[in-house]
Amino acid sequence: MRVRFAPSPTGYLHIGGARTALFNWLFARQQGGQFVLRIEDTDTERSRPELIDVIFRALEWLGLEWDGTPVHQSQRGHLYAGAIEKLLADGAAYWCDCTPDEVKARAESRGGRPGYDGHCRDRGLGPGEGHVVRFRVPDEGTVAFDDVIRGRVSFENANLEDFVVQRSNGSPMFHLANAVDDADQGITHVVRGEDLINVTPKVLLLRQALGTPGELAFAHLPLIVNEKRQKLSKRRDDVSVGDYIDRGYLPEAMVNYLATLGWGPPDGIEIRPLAEIVQLFRLEDVNAAGAFFDVKKLQHFNGEYIRDLSIPQFVSRSTRWLYDEAPWAPERFDVATFEVLAPLVQERVKLLSEVPGYVDFVFLPEPPLDEASWEKVMGKAPELAASVLDHATERFATCEWDAPTLEVALFSYADEHGVAKGKVQAPVRVATTGRTVGPPLFESLEVLGRDETLRRIASARARL
RNA sequence: GCCCCCAUCGUCCAGUGGCCUAGGACGCCGCCCUUUCAAGGCGGUAACACGGGUUCGAAUCCCGUUGGGGGUGCCA
């Protein structure tokens with residue numbers, strides 16, 4: 001059994017494509033079959049060759065290894081030309097010189113029914129400037145197929161127009177290339193988005209006319225939709241896989257989440273290793289209804305996967321945000337220091353891109369200035385803040401410099417003055433880290449060091 | 001307009017004629033834990049679109065209605 005993922009390099013890999021690739025991959029691995037790639041770049045106008053590699057890298061990031069060498073349709077023109085020649089010779093296709101405008105105008109005068117009217121069917125035209133080749137769709141009969149997910153689906157030939165199989169510039173249309181390649185590559189199952197379900201009868205008709213032996217099974221996956229329940233669009237929706245990589249999503253979280261869109265494991269355990277999903281996955285159990293791409297849930301998955309990392313893994317996965325995209329000067333960063341805080345940061349972030357925000361106060365010469373935090377704590381209760389900072393200054397000056405000791409030292413204030421610990425830690429937190437939220441305070445101070453901590457407290461005290 | 005597909009909590013998934021006073025997860029709300037924020041624990045909120053059948057019995061089968069989506073290109 002062999003499946004294929006056939007992206008068109010007209011854009012980066014998006015969430016929908018990633019899901020299609022994943023389900024093909026899962027099905028292939030589950031069945032012990034092959035998962036091959038095919039680049040559908042027959043439209044020379046729109047294809048952007050440089051995007052092919054972007055798509056490959058995204059697939060690699062997701063961990064969806066493919067079998068064999070990817071096939072590029074742009075390099076197989078002779079195969080399609082041969083197929084078109086055969087169709088023409090058999091009378092299954094014919095030349096047409098109607099311009100799109102003429103087709104449209106006639107459709108309108110007929111009463112709004114769009115589509116080609118068969119104008120050139122029997123005109124006996126040959127090749128020529130501006131001539132396309134159209135497939136002659138039988139006037140009667142039906143094309144039907146059994147969809148693994150949807151059951152029997154059928155179309156009346158009468159509702160199909162004579163579609164173009166070869167453009168006027170000589171390049172083949174994707175239906176044609178599809179029919180030829182699926183046969184040539186020995187594809188047994190076509191697993192793709194539901195948005196392509198209506199091209200299936202055309203491909204089937206083509207296979208029939210071409211005399212392609214064997215059966216092709218189809219499975220049309222439910223579309224992934226946005227909050228308005230519309231098909232995800234590159235224009236209006238946030239769907240670039242690359243963007244998710246940049247935001248600090250883990251590929252295992254992305255792949256795991258994607259697997260739950262349109263499918264669910266029988267035991268209900270959603271977050272689990274890909275290897276288990278491969279075992280449990282059943283194409284026939286995939287839902288037929290569209291699924292909403294819920295970033296909140298994706299984030300939850302991501303958080304789970306991040307917390308599941310070992311510290312070395314967490315550190316290495318965060319590399320990019322610790323060096324290249326860090327808000328601090330590279331020379332101020334110190335991995336050993338980061339590693340101390342890492343476990344505390346790890347259980348607080350949902351995205352790796354959030355990591356710098358939890359430790360920047362250590363590597364920046366001054367605590368980041370967050371006005372809202374300052375106002376909330378220092379602005380609202382300046383007397384308490386001053387009193388707490390003075391207390392901290394005094395106790396921190398001489399005590400042992402470790403988290404437990406620092407905690408006792410600072411919270412003695414809480415006992416002495418009958419103030420809640422939360423109120424006591426706040427001014428010190430804002431003074432030293434700049435924000436009201438962050439990793440546990442005393443571990444943070446331990447890393448910051450006595451001198452810097454006292455300096456920052458003094459600086460904040462002076463600002464009150 | 002025409003063609004095709006779809007229809008269980010706000011969302012994702014389970015449920016394949018009786019185990020359903022419909023289960024899990026995300027989200028949301030509350031409580032606990034707690035130096036902030038998280039994480040974790042406990043609890044709660046919330047759905048079978050509607051109408052007909054079939055059947056002793058329907059979320060599950062059939063038909064219709066409504067609603068939603070996709071397609072309708074010399075894009076894929």
Side-chain angles (χ1 to χ4, degrees), chain A residues 6-11 40-43 45-47 96 98-100 103-104 111-116 130-134 147 149-150 153-156 158-161 163-171 173-175 177-178 192-201 220 222-223 225 227-231 257 260-271 285 287-301 303-304 307 344-350 358 373 377 407 410-411 414 420-426 428-430 433 435-442 444:
Chain A
S8 181
T10 51
E40 306 222 323
D41 50 359
T42 55
D43 186 347
E45 306 277 306
R46 279 167 239 254
S47 283
C96 165
C98 299
T99 65
V103 172
K104 199 180 169 195
R113 278 181 303 289
Y116 184 67
H131 293 197
V132 300
V133 177
R134 285 182 184 275
D147 190 287
I149 296 170
R150 282 151 223 285
V153 180
S154 68
F155 295 79
E156 297 287 327
N159 289 320
L160 264 30
E161 60 177 311
F163 54 93
V164 173
V165 292
Q166 182 179 79
R167 299 185 181 85
S168 57
N169 70 4
S171 63
M173 287 290 287
F174 96 108
H175 317 95
N178 235 276
R192 40 141 68 144
E194 195 202 340
D195 50 345
L196 290 167
I197 197 167
N198 44 242
V199 327
T200 304
H220 288 93
L223 258 23
V225 302
E227 57 289 331
K228 290 163 74 180
R229 303 240 118 229
Q230 296 167 320
K231 174 171 96 162
Y257 174 66
T260 69
L261 255 30
W263 177 82
D267 60 9
I269 299 172
E270 296 180 310
I271 297 181
D285 287 344
N287 273 173
F292 172 60
F293 184 68
D294 187 352
V295 180
K296 283 248 186 71
K297 188 159 180 177
L298 204 213
Q299 284 189 4
H300 176 262
F301 274 44
E304 293 275 335
R307 274 174 257 127
L344 305 174
V345 175
Q346 187 182 14
E347 64 181 41
R348 287 173 169 73
V349 297
K350 282 199 165 70
Y358 277 88
S373 292
V377 176
E407 177 173 348
L410 181 63
F411 286 155
K421 290 175 176 177
K423 294 282 185 193
V424 176
Q425 60 94 36
V428 178
R429 181 182 289 282
V430 172
T433 73
R435 305 190 186 89
T436 52
V437 298
L441 182 61
F442 305 108
S444 298

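By convention in this document, chain letters (A, B, ...) are assigned in the order of the sequence lines, proteins followed by strands, and residues within each chain are numbered from 1.
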**OP:** Begin with the C-alpha distance, continue with both residues' side-chain angles, and end with the deciding distance and a verdict on side-chain contact (heavy atoms from CB on, under 4.5 Å) for A/Glu161 and A/Val103.
**Re:** CA-CA 11 Å; A/Glu161 60 177 311; A/Val103 172; 5.6 Å; no

Are any of [X]'s side-chain N or O atoms less than 4.0 Å away from OP1 or OP2 of [N]?
X: A/Arg429; N: B/rC37; answer: no
X: A/Lys350; N: B/rA39; answer: yes
X: A/Asn198; N: B/rC5; answer: no
X: A/Arg229; N: B/rC12; answer: yes
X: A/Asn287; N: B/rA7; answer: no
X: A/Lys231; N: B/rG71; answer: yes
X: A/Thr99; N: B/rC74; answer: no

What integer number of Å spans the [atom1] atoms of [N] and [M]?
N: B/rA47; M: B/rG23; atom1: C1'; answer: 12 Å
N: B/rC19; M: B/rC4; atom1: P; answer: 36 Å
N: B/rU36; M: B/rC31; atom1: P; answer: 15 Å
N: B/rC32; M: B/rC37; atom1: P; answer: 14 Å
N: B/rC33; M: B/rG69; atom1: C1'; answer: 46 Å
N: B/rU45; M: B/rG24; atom1: P; answer: 12 Å
N: B/rC62; M: B/rU21; atom1: C1'; answer: 28 Å
N: B/rC6; M: B/rG64; atom1: P; answer: 13 Å

Considering only [options], which nucleotide approaches the side chain of [X] most closely?
X: A/Val199; options: B/rC74, B/rA76, B/rA39; result: B/rA76
X: A/Lys296; options: B/rC26, B/rC74, B/rC37; result: B/rC26
X: A/Asn159; options: B/rC13, B/rU36, B/rC3; result: B/rC3
X: A/Asp294; options: B/rU11, B/rA76, B/rC74; result: B/rU11
X: A/Pro114; options: B/rC6, B/rC74, B/rG1; result: B/rG1
X: A/Pro100; options: B/rC4, B/rC3, B/rC74; result: B/rC74
X: A/Pro440; options: B/rA38, B/rU35, B/rG27; result: B/rU35
X: A/Lys421; options: B/rU35, B/rC6, B/rC37; result: B/rU35
X: A/Phe292; options: B/rC12, B/rC37, B/rU35; result: B/rC12
X: A/Ile197; options: B/rC26, B/rC5, B/rA76; result: B/rC5

Categorize [X] for me: base, sugar-phosphate, or nothing, with a 4.0 angstrom heavy-atom threshold over every strand shown.
X: A/Pro439; answer: base
X: A/Leu223; answer: sugar-phosphate
X: A/Gly438; answer: base
X: A/Ala426; answer: nothing
X: A/Thr42; answer: sugar-phosphate
X: A/Glu40; answer: sugar-phosphate

Subject >> Along RNA chain B (nearest heavy atom to each residue), the more 5'-positioned of A/Gly130 and A/Val349 >> reply: A/Val349

Original post:
On RNA chain B, nearest-nucleotide positions of A/Glu304 versus A/Ala6: which is more 5'?
Top reply: A/Glu304

Considering only heavy atoms and no angle criterion, is a donor-acceptor pair shorter than 3.5 Å present between the side chain of [X] and the base of [N]?
X: A/Lys297; N: B/rC12; result: yes
X: A/Glu270; N: B/rG24; result: yes
X: A/Arg150; N: B/rC5; result: no
X: A/Ser168; N: B/rC74; result: yes

**OP:** Please determine which of A/Asn198, A/Thr200, A/Asp195 meets the side chain to side chain donor-acceptor pair (under 3.5 Å) test together with A/His220.
**Re:** A/Thr200

Can you tell me the Watson-Crick or wobble partner of [N], both distances under 3.5 angstrom?
N: B/rC56; result: B/rG18
N: B/rC50; result: B/rG64
N: B/rC28; result: B/rG44
N: B/rU36; result: none
N: B/rG73; result: none

**OP:** Give a yes or no on whether A/Glu227 atom CD has more than 12 heavy-atom contacts from other residues, nucleotides or ligands under 6.0 Å away.
**Re:** yes

**OP:** State, yes or no, whether a side-chain contact exists between A/Phe163 and A/Met173 at a heavy-atom distance under 4.5 Å.
**Re:** no

Subject >> Beyond-backbone contact of A/Pro440 with A/Arg348, side-chain heavy atoms, under 4.5 angstrom >> reply: yes

Original post:
Does A/Asn287 use its side chain to pair, donor to acceptor, with the backbone of A/Ala289 at less than 3.5 Å?
Top reply: no

Original post:
Are the side chain of A/Ser8 and the backbone N or O of A/Glu40 linked by a donor-acceptor pair below 3.5 Å?
Top reply: yes

Original post:
What class does the angle between the rings of A/Phe442 and A/Phe411 fall in, given that below 30° is parallel, 30 to 60° is tilted and above 60° is perpendicular?
Top reply: perpendicular

**OP:** Rounded to the nearest angstrom, tell me the gap between atom NE2 in A/His175 and atom C1' in B/rA76.
**Re:** 9 Å

Original post:
To the nearest Å, how far apart are A/Ile271 CD1 and B/rA25 P?
Top reply: 11 Å

**OP:** Flag this pair as yes if the NZ/CZ of A/Arg134 is under 6.0 angstrom from the six-membered ring centre of A/Tyr116 and inside a 45 degree cone about the axis; otherwise no.
**Re:** yes

